[in-house]
Amino acid sequence: MSQLSPRSRALVLSTLSVALLIGGWIFVTETGIANDLFLPGPVAVGKAFVEVATEGYQGSTLLEHVGTSLYRILVAFGFAVVVGIPLGIAMGASLDAHAFFSPLVEFYRPLPPLGLYTLLVMWLGIGEESKFALLFLAALPGIVITTIQAVKSIDPVYVRAAKVLGASWRTVLWEVYLPAAGPTILAGMRISLGFTYTVLVAAEIVAATAGIGWMIWDAAKFLLSDVVIMGLIVLGLTGMALDLAMRGLGRLLMPWTR
Amino acid sequence: MKNTLLAAASAIFATALSFAPAGAQEAPEKVTVGYLNLVNAQLVTKHLGLMQKHMPDVEIEYIKVGGGGDMLRAIAADQVDFGGLGNPPTAIGVTRGLPIKGIMVLNMLDYVEAMVVRSDAGIKSFKDLAGKKLAAPFGSTTHYLLLQALTDEGVDPASMEILDLRPNDIAVAWVRGDIDAAWFWEPNLDKAVKNGGHIFMTSGIMASRGYPTWDVGVVMNEFAEKYPDYVEKFLAAECEGIDYWLGNPAETAQIIADELELDLADATRMMNGTEMVPCDKQLTAQYLGTTGDIGQFADTLVATAEFLASQKRLPKVLSREEFADFLKPGYLEKVVGE
């Protein structure tokens with residue numbers, strides 16, 4: 001492999017890891033080591049995929065389930081970005097803002113989402129609001145904390161120099177803070193989106209009738225493990241696609257990080 | 001989805017363990033009883049410590065399980081030795097080949113499970129449900145009865161919004177005013193009745209229309225093979241609980257009130273809404289039947305499975321013989337015979 005370029009070497013290794021996983025899956029299901037109730041084989045999962053994609057699962061097709069979930073995630077994540085980045089910059093740039101907000105953020109951050117969810121349902125009801133709220137709360141801390149770190153790690157000389165040269169607060173924000181902190185903030189957003197994904201099933205347990213997380217939860221109740229595994233694979237792939245899109249967006253907005 | 005992984009891991013372990021010679025009749029270290037959060041004589045058995053009395057040398061652990069879906073997962077993950085399941089989860093579990101056997105009737109469901117409607121929502125018949133928001137725990141006895149009743153009344157379920165909520169979430173949503181009707185069970189049912197609702201239909205009425213619903217006590221196959229004596233001890237304890245329930249209604253109501261933290265009046269009503277079947281009667285044709293001649297429970301399972309299959313919740317419908325094979329009245333026959 002030494003004659004391969006680093007890029008194709010990476011491709012070979014990535015393909016290998018996926019092939020090993022699928023190979024292992026085929027092996028344990030074909031040889032009967034795994035009970036097919038708990039781990040159905042790739043063929044059964046593929047069949048479930050085709051069936052749900054064409055006929056649907058309990059009234060919605062796979063595309064509708066994915067669409068519903070992506071809508072929930074993107075709305076909640078969008079709100080978290082709009083709130084989290086300004087909050088993080090404020091907390092990173094001003095000691096007072098940091099002192100004021102950090103107890104709140106630090107307090108709720110480690111709370112388990114399901115524990116929070118019970119309260120959210122009582123306060124906001126069983127509709128979309130409580131789902132958005134849970135996903136929003138899951139997305140927020142990651143963005144805030146990395147933004148604080150990103151802003152704090154900016155060399156204060158840049159800020160002072162800009163101010164000495166007569167830059168307004170707005171100019172400092174757009175020309176110094178955001179460009180310098182951007183790449184770290186983007187990394188934080190990627191981690192945060194991943195975490196929001198992990199809360200999706202929990203958010204769709206209560207009174208949902210569509211969504212990929214609900215589909216997984218409902219299928220698990222009826223022991224339809226082929227649908228469960230198919231749903232998890234789809235969830236994983238859409239998560240990867242979103243992450244890729246976000247990296248692309250980052251390169252577009254911040255060409256200097258290329 | 002940790003459960004699925006756990007289940008996969010435990011399945012691998014179970015396969016490995018099954019090669020070990022079955023130790024004949026030594027006592028298990030611990031017996032785990034998963035009991036459903038509803039009103040039946042298992043609460044009496046638990047409260048009076050009857051399980052401990054019948055197996056003094058064994059540690060007993062009780063795990064409260066919210067509903068049939070959770071119980072199926074607990075069984076699939078091998079986290080209980082004994083469990084309880086309503087007829088829909090039983091049909092699901094047996095069809096999917098879960099390693100369990102039905103050994104006793106826990107209870108027949110009367111008005112302890114009921115459909116409550118908001119009194120100011122103007123619901124006089126099933127047709128009035130069109131455009132309303134309903135809730136039921138999907139995959140449970142009440143979800144099954146709700147859809148069965150709608151079918152019988154010729155009302156399209158798609159004309160209303162039916163939400164999947166667990167009983168405690170239904171109570172929360174009801175008090176908030178998020179839903180107009182719900183079919184679920186005590187002790188949470190009462191919270192809806194007391195907050196502007198009234199009973200519209202009960203599971204008992206549906207039973208008289210030919211859709212009986214019940215909960216059956218199940219044992220894990222592996223446990224039953226290893227410790228058949230302890231299956232009988234378990235049944236002896238539960239039968240004593242049932243006899244106590246039937247013979248001492250006043251004390252039983254007090255026990256239910258204590259266990260579920262309810263008023264005595266509420267506990268009494270819930271108790272009366274559940275039918276307990278004496279163990280000897282469980283061996284008649286209306287219930288489990290006998291080893292050679294399995295009773296009507298098998299027919300209910302077939303009907304339930306057919307219904308679930310029409311809902312695409314089950315991939316196939318097993319035959320009556322296959323469902324009859326799940327029911328094992330043999331242990332109870334021994335206990336009653338003694």
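Every chain is numbered from 1 and lettered A, B, ... according to where its sequence line falls, protein lines coming before strand lines.
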Can you tell which of A:Thr118, A:Val28, A:Thr209, A:Leu224 has the highest number of heavy-atom pairs within less than 4.5 Å of chain B?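 Among the listed options, the one with the most contacts to chain B is A:Leu224.
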What do you reckon, are the aromatic ring centroids of B:Phe126 and B:Phe200 less than 6.0 Å apart?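 Distance test on ring centres: under 6.0 Å, yes.
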I'd like to know if A:Glu204 and A:Lys131 make a salt bridge, using a cut-off of under 4.0 Å between side-chain N and carboxylate O.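 Salt bridge absent between A:Glu204 and A:Lys131.
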Would you call B:Asp70 and B:Arg166 a salt bridge, taking side-chain N to carboxylate O under 4.0 Å as the test?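 No, no charged N to carboxylate O under 4.0 Å.
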Counting only heavy atoms closer than 4.5 Å, note whether B:Arg176 contacts chain A via side chain, backbone, both or neither.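 Just its side chain gets close to chain A.
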Where does B:Leu308 contact chain A at under 4.5 Å (heavy atoms): side chain, backbone, both or neither?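 The side chain, not the backbone.
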Candidates B:Val116, B:Ile170, B:Val117, B:Ile162 - the one meeting side-chain contact (heavy atoms from CB on, under 4.5 Å) with B:Ile179: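 When side-chain contact (heavy atoms from CB on, under 4.5 Å) is applied between B:Ile179 and each of B:Val116, B:Ile170, B:Val117, B:Ile162, only B:Ile170 qualifies.
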Pick from B:Leu163, B:Asp169, B:Leu314, B:Val175: which one has the most heavy-atom pairs with chain A under 4.5 Å?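 Of B:Leu163, B:Asp169, B:Leu314, B:Val175, B:Leu163 has the most heavy-atom pairs under 4.5 Å with chain A.
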